[in-house]
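Notes for the one structure printed next.
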Amino acid sequence: MSLKSERRGIHVDQSELLCKKGCGYYGNPAWQGFCSKCWREEYHKARQKQIQEDWELAERLQREEEEAFASSQSNQGAQSLTFSKFEEKKTNEKTRKVTTVKKFFSASSRVGSKKEIQEAKAPSPSINRQTSIETDRVSKEFIEFLKTFHKTGQEIYKQTKLFMEGMHYKRDLSIEEQSECTQDFYQSVAERMQTRGKVPPERVEKIMDQIEKYIMTRLYKYVFCPETTDDEKKDLAIQKRIRALHWVTPQMLCVPVNEEIPEVSDMVVKAITDIIEMDSKRVPRDKLACITKCSKHIFNAIKITKNEPASADDFLPTLIYIVLKGNPPRLQSNIQYITRFCNPSRLMTGEDGYYFTNLCCAVAFIEKLDAQSLNLSQEDFDRYMSGQTSPRKQESENWSPDACLGVKQMYKNLDLLSQLNERQERVMNEAKKLEKDLIDWTDGIAREVQDIVEKYPLEIKPPSQPLAAIDSENVENDKLPPPLQPQVYAG
């Protein structure tokens, strides 16, 4: 295995992290490489184009229907009876549909459906109590925060309440449409504060953070990993992929981090803890804060190892290694949640946007990781992925005196398990070979016996005459002398 400093498949030019439209903001793979602003513009253009096409299609169909109806009027005599029957049938059909709709939306039906939905979606009482306590706490903090802005705070609270009431009736919409409504609300509130309220930009940012915290704490259980999306399926796929890549070592990724140094090891543990803790947060800004803290610990670990500031080329491989080592829960759901409902200004600029974009790149790299990316042969890569073998672990004599005893014992046990696995594979291969040899030997003996039988067939002759009948045909037995008699010698 080559441990050269090449970073094929890992190095990412910083220009690739920016919006592909060239606006200067950070792009996002979930937005097809655009930033939040450009993505919304492209989305609106595509949406308007689709609406225009649908409108033109409706007009064309209506014209064709009118032309067909006008041509049918030419034969009025024969058509009058048919048309009256058509009108009667149409009226009956309309009455039937109205009756069905009224029954469907009757009071009993609505109550029953609401009860069924509540029973189906109702979480456990403990979760409800916990959510209610947190929601009440956030609501009180939001109100206390807005009191310092007097009239502007009252207007913001009124708009926020109206938005929450509107979102209550939009839960049947797709998650993308709910995200679009939320982003429109963020933009309208920020523009109104800057134009009408003359609020300074730094205070606008603080207010927007509080608004995001208030509304997303309430909407979290409805919009995080909804059942109408494939977020859960993506979570399981990336989790399974990371588990299959457990054998990847820092040397394969050219990670400039020495975990034998105690300070570096602590930084790595903290980085893993932060990226895992992201799933426990409910507000997108808090999830971004976890990613930022994780990234800063990574930079500190690299700085301690190299005794110099870390570069972007050092950061991305280390972030990939941290993700592989931590395997954060519901990784794709958290990324999608941040992308859909975070204040877009945070994702477009600043360190939060930079670190989040790098995390998206790290996940994309893990999904497409191959032998060439790790400077491995395809044969070794396939063997590692299938679990047949694992890379050679560090020998015990190469450990530093200050290394942790538990880590030494862990690597020793892993080495023993690897050796046992190799021995087991050899025994199984020899057993299979012996079984094949026995089968071949048995088949060979059977073929030789068959050839001999065919070459020298067995002939069974009738039994010969018994010896007792030798004198049976002698007719002169009476002329034979008598048999000799024993005599006793008296002398």
Side-chain angles (χ1 to χ4, degrees), residues 1-12 14 17 29 237-279 290-329 331-332 334-335 354-376 380-381 384-385 390-394 403-404 407 410-411 414:
M1 180 183 67
S2 176
L3 296 179
K4 295 182 294 183
S5 60
E6 299 178 1
R7 292 186 173 87
R8 293 181 293 176
I10 300 179
H11 173 73
V12 175
Q14 295 305 297
L17 301 179
I238 190 65
Q239 190 177 53
K240 183 179 179 181
R241 175 69 171 172
I242 291 175
R243 285 176 179 173
L245 294 170
H246 68 278
W247 49 267
V248 176
T249 63
Q251 292 78 15
M252 293 179 181
L253 296 170
C254 300
V255 175
V257 168
N258 185 6
E259 294 186 68
E260 297 179 8
I261 303 174
E263 294 84 354
V264 175
S265 179
D266 291 341
M267 291 295 174
V268 170
V269 172
K270 290 179 180 178
I272 295 174
T273 303
D274 290 332
I275 198 68
I276 292 176
E277 189 180 1
M278 174 181 61
D279 185 59
C290 292
I291 298 174
T292 301
K293 288 192 296 183
C294 169
S295 302
K296 290 184 177 180
H297 288 314
I298 290 174
F299 273 107
N300 290 334
I302 298 173
K303 183 178 179 180
I304 295 173
T305 302
K306 300 180 66 176
N307 291 324
E308 62 181 16
S311 63
D313 289 342
D314 295 330
F315 169 67
L316 184 57
T318 311
L319 179 61
I320 294 171
Y321 174 68
I322 293 298
V323 174
L324 289 175
K325 198 169 182 180
N327 196 359
L331 182 57
Q332 286 286 6
N334 282 287
I335 290 177
Y354 174 76
Y355 295 140
F356 179 71
T357 304
N358 274 274
L359 177 62
C360 294
C361 293
V363 174
F365 174 82
I366 292 172
E367 292 175 339
K368 300 177 182 179
L369 188 144
D370 55 10
Q372 185 179 5
S373 303
L374 300 175
N375 296 333
L376 295 174
D380 289 341
F381 182 81
Y384 296 156
M385 289 295 291
S390 60
R392 193 70 177 173
K393 300 296 186 300
Q394 187 172 2
C404 177
V407 175
M410 180 186 68
Y411 276 103
L414 289 174

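Heavy atoms only: backbone and side chains are in, while hydrogens, waters and symmetry mates are out.
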Open item on the list: For a side chain to side chain contact (heavy atoms under 4.5 Å, CB included) check, start with the C-alpha distance between Gln332 and Val363, then their side-chain angles and the critical distance, and finish with the verdict.
Closed with: CA-CA 9 Å; Gln332 286 286 6; Val363 174; 3.6 Å; yes
Task: side chain to side chain contact (heavy atoms under 4.5 Å, CB included) evaluation trace for Met385 with Leu245 - done: CA-CA 7 Å; Met385 289 295 291; Leu245 294 170; 3.5 Å; yes
Task: Tyr321 and Val248: CA distance, side-chain angles, deciding distance, side chain to side chain contact (heavy atoms under 4.5 Å, CB included) verdict - done: CA-CA 8 Å; Tyr321 174 68; Val248 176; 5.8 Å; no
TODO: Give the C-alpha distance, both sets of side-chain angles, the deciding distance and a yes or no for side chain to side chain contact (heavy atoms under 4.5 Å, CB included) between Ile322 and Cys294.
DONE: CA-CA 9 Å; Ile322 293 298; Cys294 169; 4.2 Å; yes
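For residues 238-251, there are no salt bridge (Lys or Arg N to Asp or Glu O under 4.0 Å) pairs, not counting sequence neighbours. Counting only residues at least two apart or on different chains, the ring-ring contact (aromatic ring centres under 6.0 Å, His included) pairs with a member in residues 243-271 are Trp247-Phe381, Trp247-Tyr384. For the salt bridge (Lys or Arg N to Asp or Glu O under 4.0 Å) condition, no pair includes a residue of residues 357-366, sequence neighbours left out. The salt bridge (Lys or Arg N to Asp or Glu O under 4.0 Å) pairs that include a residue from residues 362-372 number zero, where partners must be two or more places apart or lie in different chains. For residues 297-309, the salt bridge (Lys or Arg N to Asp or Glu O under 4.0 Å) pairs, not counting sequence neighbours, are Lys306-Glu308, Lys306-Asp314. Residue pairs meeting the ring-ring contact (aromatic ring centres under 6.0 Å, His included) criterion with at least one member in residues 251-276: none, sequence neighbours excluded.
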Name each donor-acceptor pair under 3.5 Å that joins a side chain in residues 266-277 to protein atoms two or more places apart or in another chain, with its distance.
unit_1, atom_1, unit_2, atom_2, d
Thr273, OG1, Val269, O, 2.8
Asp274, OD2, His297, NE2, 3.2

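In this structure, CG in Leu359 is found 6.0 Å from CG in Leu319, a value given to the nearest 0.5 Å. Distance SG/Cys254 to CG/Asp313: 11.0 Å, rounded to 0.5 Å. To the nearest 0.5 Å, the span separating CE on Met252 from CG on Asn375 amounts to 10.0 Å. To the nearest 0.5 Å, atoms CD1 (Ile238) and CD1 (Ile366) are separated by 5.5 Å. The CD1 atom of Ile304 sits 6.0 Å away from atom CD of Glu263, with the distance rounded to the nearest 0.5 Å.
With hydrogens and angles disregarded, no donor-acceptor distance shorter than 3.5 Å links the side chain of Asn327 to the backbone of Val323. Between the side chain of Thr318 and the backbone N or O of Val255 there is no donor-acceptor pair closer than 3.5 Å. In terms of modelled atom types and a separation under 3.5 Å, the side chain of Ser373 and the main chain of Leu369 share no donor-acceptor contact.
Not counting sequence neighbours, the partners of Phe315 by the ring-ring contact (aromatic ring centres under 6.0 Å, His included) test are Phe299, Tyr355. Listed by chain and number, the residues in a side chain to side chain donor-acceptor pair (under 3.5 Å) with Thr292 are Asp352 (sequence neighbours excluded).
Closest heavy-atom contact between Pro329 and Asn334: O-ND2, 3.4 Å.
Counting heavy atoms from C-beta on, the side chains of Gln239 and Ile242 never come closer than 4.5 Å. Two residues are said to be in side-chain contact when any heavy atoms from C-beta on lie closer than 4.5 Å; Cys360 and Ile335 meet this criterion.
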